[in-house]
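Atoms considered below: every heavy atom in the structure, side chains included; atoms not considered: hydrogens, waters and symmetry mates.
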Amino acid sequence: MTFGAARAKFLEDSQTRTRPRTAGEYTRLLNKHFSFGKNLSELSRQDIAEVIDGLKDRPSEQKHAYVAVRTMLNWCVKRGYLDVSPVPPMTFKSKPRERVLSDEELAAVWHRAEGFGYPYGRIVQLLILTGQRKGEIVGLRRSWIENGRIVYPSAFVKNERTHTIPLGSQAIELIEAQSGETDLLFPSRFDEEKPFNGFSKCKKAFDQEVEIQPYTLHDLRRTFAARFLVIRSRCET
């Protein structure tokens with residue numbers, strides 16, 4: 001069996017066994033980084049290691065790609081397509097991120113988002129206002145919003161538990177301002193049943209006019225949490 005055929009079978013199976021977001025990540029990572037034009041039995045540890053080593057400049061992507069291909073090839077072993085997985089044992093060292101944006105930096109990002117507009121700009125604004133993960137905002141559905149709250153179903157949330165968060169008036173206004181007839185608040189341009197997925201290109205264009213130190217979208221979540229702790233501390237005292 002070729003690698004491509006095995007990949008197609010694995011991705012088809014993952015659609016039924018895993019959460020949609022997980023299956024989507026497997027699809028993205030395996031199609032983007034692993035395009036071996038050979039049979040499974042011909043894959044070597046060196047083949048896998050070369051791809052993973054080529055992602056050293058992107059530590060997070062490197063680890064996720066490694067997990068995806070390891071999961072796929074372990075699945076192939078269980079299905080009898082391989083006797084032994086060729087994925088080598090690898091460890092990754094990364095420094096935990098501690099980036100918290102200052103008030104001035106956060107204001108700069110907010111104002112840039114206002115001018116950048118839908119969909120990326122609105123996604124960034126909701127990340128700032130809610131402190132949610134990128135996937136939780138981009139996958140947000142209108143049917144999950146009720147009485148000024150977002151109620152995430154257990155099948156969607158990372159810890160597989162129903163998750164409810166309150167929305168401030170500004171967040172509610174942003175959500176209500178989004179026109180469209182789809183349930184997804186931020187659907188893909190090419191498929192209304194799939195969420196927006198143009199982050200890399202949009203962030204590059206977005207950051208060209210934001211004069212602050214490099215940051216990630218997850219840093220906005222960390223910034224929200226840091227400010228929440230400060231506010232709670234002041235209230236308790």
### Task
Give a yes or no on whether I48 and M1 share a hydrophobic cluster (residues Ile, Leu, Val, Met, Phe, Trp, Tyr; joining criterion: side-chain heavy atoms under 4.5 Å apart).
yes

For F196 and C202, the nearest pair of non-hydrogen atoms, with its separation, is CZ-SG, 3.8 Å

Scanning both residues in full, the closest heavy-atom pair of V138 with P195 reads O-CB, 3.4 Å

Is Y118 linked to L140 within one hydrophobic cluster, defined over Ile, Leu, Val, Met, Phe, Trp and Tyr using a side-chain heavy-atom separation of less than 4.5 Å? yes

field: Chi angles and distances behind the side chain to side chain contact (heavy atoms under 4.5 Å, CB included) call for R7, N31
entry: CA-CA 9 Å; R7 179 180 57 195; N31 285 330; 3.4 Å; yes

Margin query: In the structure I gave you, are the side-chain heavy atoms of L106 and R227 within less than 4.5 Å of one another anywhere?
Written below: yes

Rounding to 0.5 Å, atoms CD (E181) and CZ (R142) come to a distance of 9.5 Å

* Just do the side chain to side chain contact (heavy atoms under 4.5 Å, CB included) check on Q15 and T27 with the steps written out, would you? => CA-CA 10 Å; Q15 294 287 341; T27 300; 4.2 Å; yes

By ring-ring contact (aromatic ring centres under 6.0 Å, His included), F206 pairs with (sequence neighbours left out) F116, Y120

Salt bridge flag under 4.0 Å for residues E12 and K9
no

Margin query: Does D83, at its CG atom, have more than 12 non-hydrogen atoms belonging to other residues, nucleotides or ligands within less than 6.0 Å?
Written below: no

To the nearest 0.5 Å, atom OG1 of T164 lies from atom CD1 of I150 at 10.0 Å

- Under 4.5 Å between any side-chain heavy atoms of Q62 and I52, yes or no? yes

Hits for side-chain hydrogen bond (donor to acceptor under 3.5 Å, both in side chains) against R161, two or more places apart or cross-chain, chain-then-number order -> none

Measuring only between side-chain heavy atoms, which start at C-beta, is N197 closer than 4.5 Å to S188? no

Heavy-atom closest pair (V100 atom, A226 atom, distance to 0.1 Å) is CG1-CB, 4.1 Å

Separation between CD (Q213) and OG (S102), nearest 0.5 Å, reads 10.0 Å

Residues 32-56 vs ring-ring contact (aromatic ring centres under 6.0 Å, His included), sequence neighbours excluded, gives F3-F36

- Query: Any side-chain heavy-atom pair from L127 and R221 closer than 4.5 angstrom?
  - Reply: no

- Is any side-chain heavy atom of T223 less than 4.5 Å from a side-chain heavy atom of Y215? no

To the nearest 0.5 Å, atom NE2 of H111 lies from atom CD of E114 at 6.5 Å

| For E192, does the CD atom have more than 12 heavy-atom neighbours from other residues, nucleotides or ligands under 6.0 Å away? | no

Nearest heavy-atom contact between P153 and W144 is CD-CE2, 3.5 Å

Out of curiosity, does L101 fall in the hydrophobic cluster containing I137 (side-chain heavy atoms, cut-off under 4.5 Å, transitive links)? yes

So, R222 side chain and R99 main chain: donor-acceptor pair closer than 3.5 Å or not?
yes

**Request:** Answer yes if L220 and V210 sit in the same cluster of Ile, Leu, Val, Met, Phe, Trp and Tyr residues linked by side chain heavy atoms under 4.5 Å apart, and no otherwise.
**Result:** yes

NZ of K78 to OG of S85, rounded to nearest 0.5 Å, is 11.0 Å

task = Please examine the side chains of R17 and W75, heavy atoms only from C-beta on, and report whether any two atoms are closer than 4.5 Å.
result = yes

For residues 43-52, the side-chain hydrogen bond (donor to acceptor under 3.5 Å, both in side chains) pairs (sequence neighbours left out) are K38-D47, S44-D47, Q46-E50

When you compare the side chain of Q132 with that of H163, does any pair of heavy atoms fall below 4.5 Å? yes

Please report the C-alpha distance between E136 and R21 in whole Å, then the side-chain angles of each, then the deciding distance to 0.1 Å, and finally whether the side chain to side chain contact (heavy atoms under 4.5 Å, CB included) criterion is met. CA-CA 10 Å; E136 292 168 345; R21 187 167 58 179; 4.0 Å; yes

**Asked** Around atom NZ of K134, are there more than 12 heavy atoms of other residues, nucleotides or ligands at under 6.0 Å?
**Response** no

When you check the side-chain N and O atoms of H64 and E61, is any donor under 3.5 Å from an acceptor?
no

For residues 166-179, dump all side-chain donor-acceptor pairs below 3.5 Å to protein atoms at least two apart in sequence or in another chain.
residue : atom : partner : partner atom : Å
Q178    : NE2  : L174    : O            : 2.8

Tell me whether Y66 shares a hydrophobic cluster with L55, the cluster being built from Ile, Leu, Val, Met, Phe, Trp, Tyr side chains joined at under 4.5 Å. no

OH of Y152 to CD1 of I145, rounded to nearest 0.5 Å, is 8.0 Å

I want to check something: taking the side chain as every heavy atom from C-beta on, are Q125 and W110 in contact at a cut-off of under 4.5 Å?
yes

Those residues at least two apart in sequence (or on a different chain) that pass side-chain contact (heavy atoms from CB on, under 4.5 Å) with T71 are F10, Y26, V67

Evaluate L30 against V69 for side chain to side chain contact (heavy atoms under 4.5 Å, CB included), listing each step before the verdict. CA-CA 7 Å; L30 292 172; V69 74; 4.2 Å; yes

